[in-house]
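Below is one structure, written out as structure tokens; the observations come after it.
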Protein chains: 2
Amino acid sequence: MRKSGEERREEIVQAVIDLAAEGGQSQLSTQAIADRVGIAQPTVFRHFRTRDLILQAVIDWISRHLLGLVMAIATGNGSARERLPRLLTRQLEFIARHPGLPRLLFSERVHQDSPVLKQSVGRVMANWTRTVTELIREGQAEGSFRADLDAEETARLILAMIQGLVMRWSISDFQFDLPAQAEAVWRLVAPAMTSPSPGP
Amino acid sequence: MRKSGEERREEIVQAVIDLAAEGGQSQLSTQAIADRVGIAQPTVFRHFRTRDLILQAVIDWISRHLLGLVMAIATGNGSARERLPRLLTRQLEFIARHPGLPRLLFSERVHQDSPVLKQSVGRVMANWTRTVTELIREGQAEGSFRADLDAEETARLILAMIQGLVMRWSISDFQFDLPAQAEAVWRLVAPAMTSPSPGP
DNA sequence: ATTGTAAGCGATTGATTACTTACTTACGAG
DNA sequence: CTCGTAAGTAAGTAATCAATCGCTTACAAT
């Protein structure tokens with residue numbers, strides 16, 4: 001069955017995301033991808049000249065969808081105080097809907113072997129941090145968050161917590177309700193961001 | 001140069017930790033290990049019957065040293081309120097001294113391919129969580145930490161934050177001062193643990 | 001209808017992988 | 001001194017990997 005190049009490329013990207021959710025990086029050979037899509041292994045190289053270009057396309061896909069979601073919420077309706085916890089929940093829901101994403105973004109091929117892919121992931125994280133930093137600053141301006149808070153540092157720590165959480169979820173083979181953990185994160189973070197620091 | 005089996009096994013474990021710090025999982029072939037130790041590649045299999053048994057030994061090494069450190073501080077001198085931030089600092093210092101550890105513990109071979117290794121890592125994390133949970137409960141008993149805090153959930157979130165932080169450090173090729181981040185973590189976590197939650 | 005383009009495939013290649021086999025040799029206990 | 005054990009090696013194996021090559025064929029625009 002013959003399909004257009006663009007269509008096949010999308011199928012390949014989706015196949016990689018699905019395979020990553022099931023088996024991780026080890027099951028991500030061009031052979032496995034070809035089998036999943038239903039084409040011969042060499043045909044994969046008609047659409048992507050190298051294997052890394054496939055992963056690049058996948059990371060682009062993630063970047064577009066994830067950052068699109070985050071920015072939509074960060075600049076959406078309601079106060080910053082309301083939007084930040086909503087962002088946590090929505091982001092964890094998004095990841096829960098695509099369990100392959102963390103296994104790809106945390107994989108060695110991405111951030112140890114290939115400097116190019118590593119840079120792409122770095123850009124996604126930097127964009128995320130910048131967006132959330134802005135959101136926190138907005139909350140400080142509206143008086144919801146403490147003014148003496150380092151907005152960028154806080155954004156980075158929240159990202160670290162999400163990543164650690166998602167990693168445990170991925171290691172545990174998705175055996176707990178990830179979006180439900182958003183509340184727990186907010187329970188820990190909110191008091192530190194909203195209450196004045198207690199004297200010594 | 002002929003050495004005893006035990007001596008060689010220790011050399012091999014150290015070689016793996018060093019290689020992981022330098023190049024990650026991809027540079028971790030039995031050939032690379034043999035070259036680093038200074039023996040022929042098949043000789044590696046005299047000391048470990050399979051490659052996974054090498055990784056198992058490495059994880060055991062990490063488990064012994066890391067948990068030894070954590071438990072020593074968790075049950076050491078001073079109030080729980082003092083010991084918890086000290087534990088964060090000391091742990092990040094330990095990891096900074098052994099940059100290969102996160103790359104090994106977060107590698108795919110460990111927690112996707114081999115269920116046995118995965119289980120070992122899971123036990124380390126479970127032990128860490130249990131120890132810190134106990135420490136937090138102690139702090140609650142002495143009145144330093146809020147009584148309405150879920151100790152285990154908090155311990156898990158702190159671990160998640162450490163893991164996310166260490167992962168960013170590892171991805172960035174160790175380009176920032178990891179132990180210095182302990183203060184930032186504590187700045188975020190402490191207010192949430194010590195101050196009463198603000199009313200709605 | 002013709003034809004250029006691009007998707008598709010079978011066969012293969014060279015590199016790398018963990019691991020085996022058959023043999024040698026160092027060395028400590030008796 | 002000897003001799004069994006265990007550390008060492010060179011050579012090789014089967015598997016898997018990304019990527020190449022030569023060829024075919026579907027299809028859309030002319």
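Below, chains carry the letters A, B, ... as their sequence lines are ordered, and counting in each starts from 1. Hydrogens, waters and symmetry mates play no part in the numbers below; they use all other heavy atoms, side chains included.
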| request: Output yes when at least one side-chain N/O atom of B:Thr43 is less than 4.0 Å from OP1 or OP2 of D:dA7, else no. | output: no
Please state how far atom [atom1] in [X] lies from atom [atom2] in [N], giving the value in whole angstrom units.
X	N	atom1	atom2	value
A:Gln31	D:dA15	CD	C1'	13 Å
A:Ile39	D:dT24	CD1	P	21 Å
B:Phe45	D:dA7	CZ	C1'	16 Å
A:Asp113	C:dA15	CG	P	19 Å
A:Arg46	D:dA18	CZ	P	18 Å

| For B:Arg36, which of B:Gln14, B:Glu22, B:Gln31 qualifies under side-chain hydrogen bond (donor to acceptor under 3.5 Å, both in side chains)? | B:Glu22
| request: Taking the side chain as every heavy atom from C-beta outward, state whether A:Val44 and A:Arg51 have any pair of such atoms under 4.5 Å apart. | output: no
| query | Does A:Arg146 reach the side chain of B:Pro191, with side-chain heavy atoms less than 4.5 Å apart? | reply | yes
| Does A:Gln41 get its side chain close enough to the base of C:dC9, under 3.5 Å, for a donor-acceptor pair? | no
| said: Given the structure, check if the side chain of B:Arg2 and the base of D:dA6 hold any donor-acceptor pair shorter than 3.5 Å. | reply: yes
| task | Dump the intermediate steps for salt bridge (charged side-chain N to carboxylate O under 4.0 Å, His left out) on A:Glu108 and B:Arg103, then the final yes or no. | result | CA-CA 9 Å; A:Glu108 281 121 19; B:Arg103 296 204 166 160; over 6 Å; no
